[in-house]
Amino acid sequence: MNKLVYLSLGSNLGQREEHLERALTLLEREQVHVVARSSIYETEPQDVAAQPWFLNLAVACETRSFPMQLIAVVLRIERELGRIRRAPGGPRIVDIDILLYGNTVIDTPRLTIPHPRILDRRFVLEPLVEIAPELRHPVTRKPLRDYLSNVKAQKLRLTRPLSR
């Protein structure tokens, strides 16, 4: 049975949009089927300011993978695209985060779902609410759109609108 999952993708090195598109292609290859995707946003770095701005988007996907299988797929795709983990929050060719996996809540050393910083990041919330405006946080049960006002100060600009 397929599960609905939400992922956030980002890139701030090289051909950013090409890296994101390649990551989406590789997700499909791994049987993680994109069923909705947001616009692409250019966003200011949050943790380490002295680096290029990111391109970010969110996707809704269907998968048969269990959460630990999905994180293995995501990490494998990041490595395949050339991501090298140096400094936390530093520049990266591609970053793929599992935001939500159905209504599942997981807290292990390897994986936390919902993503622990989902509510603190406009570059996650804005595209996520764009594709799923009624989506609720599985712990607080509040609509994710209600959290947007807390992060409005974070700089973000629409670079490629969602084509409907």
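These numbers come from a predicted model, not from an experiment. The first residue of the sequence shown is numbered 1, and numbering continues consecutively from there.
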Of the non-hydrogen atoms in [X] and [Y], which two are nearest, and what is the gap between them?
{"X": "Gln69", "Y": "Arg64", "result": "OE1-O, 4.3 Å"}
{"X": "Glu62", "Y": "Asn2", "result": "OE1-ND2, 3.7 Å"}
{"X": "Leu158", "Y": "Tyr41", "result": "CD1-CE2, 3.7 Å"}
{"X": "Leu57", "Y": "Ile40", "result": "CD2-CG1, 4.2 Å"}
{"X": "Val35", "Y": "Cys61", "result": "CG2-N, 4.1 Å"}
{"X": "Tyr101", "Y": "Phe66", "result": "OH-CA, 3.5 Å"}

Arg16 charged N/C atom sitting above Trp53 aromatic ring, 6.0 Å / 45°: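 So Arg16 doesn't make the cation-pi contact.
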Single-linkage hydrophobic cluster Leu75~Leu81, side-chain heavy atoms < 4.5 angstrom: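 Same cluster: Leu75 reaches Leu81 through Ile, Leu, Val, Met, Phe, Trp or Tyr contacts under 4.5 Å.
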Cluster overlap Leu70 with Val59, hydrophobic side-chain contacts below 4.5 Å: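 Cluster IDs for Leu70 and Val59 match.
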Output the distance between atom [atom1] ([X]) and atom [atom2] ([Y]), rounded to the nearest 0.5 Å.
{"X": "Met68", "Y": "Arg110", "atom1": "CE", "atom2": "CZ", "value": "6.5 Å"}
{"X": "Thr159", "Y": "Asn56", "atom1": "OG1", "atom2": "CG", "value": "9.5 Å"}
{"X": "Tyr6", "Y": "Ile98", "atom1": "OH", "atom2": "CD1", "value": "14.5 Å"}
{"X": "Leu13", "Y": "Leu55", "atom1": "CG", "atom2": "CG", "value": "11.0 Å"}
{"X": "Leu119", "Y": "Asn150", "atom1": "CG", "atom2": "CG", "value": "8.5 Å"}
{"X": "Ile71", "Y": "Arg76", "atom1": "CD1", "atom2": "CZ", "value": "11.5 Å"}

Verdict with supporting geometry, Gln31 and His33, side-chain contact (heavy atoms from CB on, under 4.5 Å): CA-CA 6 Å; Gln31 305 303 308; His33 302 292; 3.4 Å; yes
For the backbone of [Y] and the side chain of [X], can you confirm whether one donor and one acceptor N or O come within less than 3.5 Å of each other?
{"X": "Thr108", "Y": "Leu111", "answer": "yes"}
{"X": "Asn12", "Y": "Pro52", "answer": "yes"}
{"X": "Thr104", "Y": "Leu100", "answer": "no"}
{"X": "Glu126", "Y": "Val124", "answer": "no"}
{"X": "Glu30", "Y": "Leu27", "answer": "no"}
{"X": "Glu28", "Y": "Val34", "answer": "yes"}
{"X": "Ser38", "Y": "Ala58", "answer": "yes"}
{"X": "Arg145", "Y": "Val129", "answer": "no"}
{"X": "Glu42", "Y": "Arg157", "answer": "no"}

side-chain contact (heavy atoms from CB on, under 4.5 Å) between Arg37 and Ile131, worked out: CA-CA 7 Å; Arg37 77 184 261 181; Ile131 60 172; 5.6 Å; no
CA sep, side-chain torsions, deciding dist, call: Phe123, Glu44, side-chain contact (heavy atoms from CB on, under 4.5 Å): CA-CA 9 Å; Phe123 69 84; Glu44 183 177 40; over 6 Å; no
Worked check of side chain to side chain donor-acceptor pair (under 3.5 Å) between Ser39 and Glu130: CA-CA 8 Å; Ser39 301; Glu130 177 184 343; 2.7 Å; yes
Option passing side chain to side chain contact (heavy atoms under 4.5 Å, CB included) with Tyr147 (candidates Ile118, Asp120, Thr140):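 Between Tyr147 and the candidates, side chain to side chain contact (heavy atoms under 4.5 Å, CB included) is satisfied uniquely by Thr140.
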Quick check: do [X] and [Y] have side-chain heavy atoms less than 4.5 Å from each other?
{"X": "Arg136", "Y": "Arg141", "value": "yes"}
{"X": "Ile77", "Y": "Val74", "value": "no"}
{"X": "Pro143", "Y": "Leu135", "value": "no"}
{"X": "Leu7", "Y": "Asp97", "value": "no"}
{"X": "Leu128", "Y": "Ser8", "value": "no"}

Below 4.0 angstrom, N of the basic side chain to O of the carboxylate: do [X] and [Y] qualify?
{"X": "Arg117", "Y": "Asp47", "value": "no"}
{"X": "Arg29", "Y": "Glu80", "value": "yes"}
{"X": "Glu17", "Y": "Arg22", "value": "no"}

Full working for side-chain contact (heavy atoms from CB on, under 4.5 Å) between Leu125 and Arg122: CA-CA 5 Å; Leu125 286 173; Arg122 186 174 177 197; 5.7 Å; no
